[in-house]
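Here the structure is laid out as structure tokens; the discussion comes afterwards.
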Amino acid sequence: QVQLVESGGGSVQAGGSLRLSCVASGNTDSTVSMAWFRQAPGKEREGVAAIYFGLDTTWYSSSVKGRFTISRDTLSNTLYLQMNSLKPEDTAMYYCAAGAHGHRFYIPRSQAEYNDWGQGTQVTVSS
């Protein structure tokens, strides 16, 4: 229904920066929130950042707050995740997600609240 294509993953040294992009297409009219999740081998998938389109309000996990910035470009229908001061523990497969939930008092941050997912892009941070 909503197609998400991610790019920007790669390898970087600790302290470096990387910007992930996610281009949305298809039936995006019902999308009100988007998010970035990540999953490291052997670990559960976790939300790292989310944005509610109505007010462009954002949520960040405590582990990335102050280092990562989620944003969107409505004209290009692109979601971004600017990642600065990267740490080895940021190493994971990063997934873009889109959903129909969200309002001014709540930004969805769990997997179940998102309907469409990208294929994932690998981010590897070396010491």
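We're numbering straight along the sequence, starting at 1.
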Count I, L, V, M, F, W, Y as connected when their side-chain heavy atoms are under 4.5 Å apart, and connections chain through other members. Are [X] and [Y] then in the same cluster?
X      : Y     : result
Val123 : Val64 : yes
Val32  : Trp59 : yes
Tyr80  : Val5  : no
Phe68  : Leu18 : yes
Val125 : Val48 : yes

Inset, instruction - In sequence, state the C-alpha distance, the side-chain angles, and the governing distance for Asn115 and Gln1, and then conclude on side chain to side chain contact (heavy atoms under 4.5 Å, CB included). - result: CA-CA 9 Å; Asn115 306 109; Gln1 191 169 27; 6.0 Å; no
Could you give the distance from [atom1] ([X]) to [atom2] ([Y]), rounded to the nearest 0.5 Å?
X      : Y     : atom1 : atom2 : value
Thr124 : Asp90 : OG1   : CG    : 11.0 Å
Leu20  : Thr78 : CG    : OG1   : 12.5 Å
Trp36  : Leu79 : CH2   : CG    : 5.5 Å
Thr28  : Asn77 : OG1   : CG    : 4.5 Å
Met93  : Glu6  : CE    : CD    : 9.0 Å
Ser21  : Leu81 : OG    : CG    : 9.5 Å

Inset, instruction - Determine, step by step, whether His101 and Tyr106 satisfy the side chain to side chain contact (heavy atoms under 4.5 Å, CB included) criterion, reporting the C-alpha distance in whole Å, the side-chain angles of both residues, the deciding distance to 0.1 Å, and the verdict. - result: CA-CA 9 Å; His101 300 280; Tyr106 180 72; 5.7 Å; no
Inset, instruction - State whether the number of non-hydrogen atoms from other residues, nucleotides or ligands found under 6.0 Å of Gln13 atom CD is greater than 12. - result: no
Legend entry - Trace of the side chain to side chain contact (heavy atoms under 4.5 Å, CB included) decision for Asp56 with Arg72: CA-CA 8 Å; Asp56 277 342; Arg72 67 179 182 123; 2.8 Å; yes
Legend entry - N/O donor-acceptor pair under 3.5 Å between Arg67 side chain and Ser85 backbone: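 Answer holds: yes.
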Locate the shortest heavy-atom distance separating [X] from [Y]; write the atom from each residue and the value.
X      : Y     : value
Ser127 : Ala14 : CA-CB, 4.3 Å
Ser63  : Arg38 : OG-NH2, 3.3 Å
Thr31  : Ala98 : CG2-CB, 4.0 Å
Gly16  : Val12 : CA-CG2, 3.9 Å
Ala24  : Leu4  : CB-CD2, 3.6 Å

Legend entry - Tyr94, Tyr95, Tyr114 screened by ring-ring contact (aromatic ring centres under 6.0 Å, His included) with Phe37, the one that passes: Tyr114
Inset, instruction - Before giving the answer on side chain to side chain contact (heavy atoms under 4.5 Å, CB included), spell out for Thr91 and Gln122 the whole-Å C-alpha distance, their side-chain angles and the decisive distance to 0.1 Å. - result: CA-CA 8 Å; Thr91 295; Gln122 179 67 39; 4.0 Å; yes
